[in-house]
Amino acid sequence: MQMRPITALRALLAALLCGPAQAAGAQIEIDTVAVDSMVVVTEAPKPAPPLRFAYISYATALKAMPGYAAAGKRLEELKAKYDAEAGRVAEEFNAKYEEFLEGQASFPESILRKRQSELQELLERNVAFKEESRRLLQAAERDIYAPLHRRLREAIRTVGRQNGYAFVINIDGDACPYIDTSVGDNVTLMVIDMLK
């Protein structure tokens with residue numbers, strides 16, 4: 001007798017979940033639990049689909065991009081200009097230092113101190129120039145390569161979405177020492193082809 005209300009309840013749930021037309025032949029797995037004369041109905045959990053992932057050598061894809069060589073050339077030209085200026089400043093310092101060494105024995109004390117102070121100031125300016133040059137070159141490198149990185153990230157996202165990947169791993173720098181290739185896909189060539 002107790003089974004009949006539960007059977008009726010299952011039929012009602014089947015009608016609600018499947019619609020009235022399909023309720024008669026519906027095969028729904030339903031668990032029932034009696035709690036203080038109430039019946040609580042839960043639907044059996046459905047297994048989640050397995051996650052698919054891909055991996056890529058970001059550096060390989062970046063270097064294969066059409067604009068990569070031109071960006072590298074622009075950066076090298078800028079580095080050459082900074083190096084030339086650093087060389088000129090170093091030559092100026094060396095010439096003044098040699099002049100100071102040659103005349104230091106004959107300089108009066110006040111001129112000797114003045115020349116030492118000038119050399120110290122010039123040395124500090126050279127060090128500051130080198131540090132500023134390094135900072136400016138790093139900023140220029142980020143700016144020069146930024147459009148390439150944006151295009152590459154967008155291509156990776158597109159390949160990931162089109163192929164239903166949950167994520168794409170960058171394998172450069174030994175970030176991922178082992179990948180089971182039966183579970184993950186290498187999309188490096190796919191992304192390179194998309195960027196051409």
Side-chain angles (χ1 to χ4, degrees), residues 6-7 9-33 35 39-83 130-196:
I6 291 175
T7 305
L9 185 59
R10 284 186 180 166
L12 176 64
L13 284 173
L16 290 172
L17 295 174
C18 299
Q22 299 170 333
Q27 297 291 326
I28 299 176
E29 266 190 52
I30 299 175
D31 294 334
T32 57
V33 178
V35 178
V39 175
V40 178
V41 179
T42 59
E43 186 175 340
K46 296 178 182 169
L51 289 177
R52 294 182 58 218
F53 75 93
Y55 54 95
I56 186 171
S57 171
Y58 189 93
T60 300
L62 180 66
K63 290 174 185 173
M65 291 179 72
Y68 183 80
K73 185 177 180 182
R74 285 190 359 237
L75 187 61
E76 286 303 316
E77 289 170 356
L78 190 58
K79 283 180 182 178
K81 288 177 184 176
Y82 278 109
D83 288 345
K130 285 181 182 179
E131 289 174 5
E132 182 67 6
S133 296
R134 189 174 16 257
R135 187 189 68 75
L136 290 172
L137 281 171
Q138 287 173 345
E141 184 174 6
R142 279 191 307 271
D143 292 344
I144 288 171
Y145 287 110
L148 296 174
H149 286 288
R150 277 192 299 274
R151 283 185 49 224
L152 179 54
R153 284 192 300 269
E154 184 55 39
I156 292 169
R157 275 192 293 276
T158 301
V159 166
R161 283 186 197 121
Q162 287 177 349
N163 294 287
Y165 296 121
F167 52 89
V168 179
I169 300 170
N170 180 3
I171 59 171
D172 293 339
D174 293 328
C176 194
Y178 170 74
I179 294 176
D180 185 349
T181 56
S182 68
V183 181
D185 300 326
N186 186 347
V187 294
T188 304
L189 294 177
M190 197 182 307
V191 170
I192 289 171
D193 288 342
M194 178 178 281
L195 290 167
K196 288 185 177 179

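Just the heavy atoms: all of them, side chains too, but no hydrogens, waters or symmetry mates, feed the values below.
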Set of side-chain hydrogen bond (donor to acceptor under 3.5 Å, both in side chains) partners for Glu141, sequence neighbours left out: none
Straight-line distance of Leu148 CG to Leu195 CG, nearest 0.5 Å: 9.5 Å
Val187 side chain near Asn163 side chain, heavy-atom distance below 4.5 Å: no
Partner residues of Arg135 under the side-chain hydrogen bond (donor to acceptor under 3.5 Å, both in side chains) criterion, sequence neighbours left out: Glu132
Nearest atoms (heavy-atom pairs only) where Ser57 meets Asp172: OG-OD1, 2.8 Å
Listed partners of Arg157 passing salt bridge (charged side-chain N to carboxylate O under 4.0 Å, His left out), at least two apart: Glu154
Partner residues of Arg52 under the side-chain contact (heavy atoms from CB on, under 4.5 Å) criterion, sequence neighbours left out: Tyr165, Asp185
Gap between atom CE of Met194 and atom CD1 of Ile156 - 0.5 Å precision: 10.5 Å
List the atom pairs, with distances to 0.1 Å, where a side-chain N or O of residues 71-82 and a protein N or O form a donor-acceptor pair under 3.5 Å, not counting sequence neighbours.
none

Val191 side chain reached by Leu152 side chain, heavy atoms, under 4.5 Å: yes
From CD1 (Ile56) to CD1 (Ile171), nearest 0.5 Å: 8.5 Å
Any residue meeting side-chain contact (heavy atoms from CB on, under 4.5 Å) with Ala64, in chain and number order, not counting sequence neighbours: Ile192
Shortest non-hydrogen separation from Val168 to Gly160 and the atoms involved: CG2-CA, 4.4 Å
Asp180 to Phe53 - nearest heavy-atom pair and separation: O-CZ, 4.5 Å
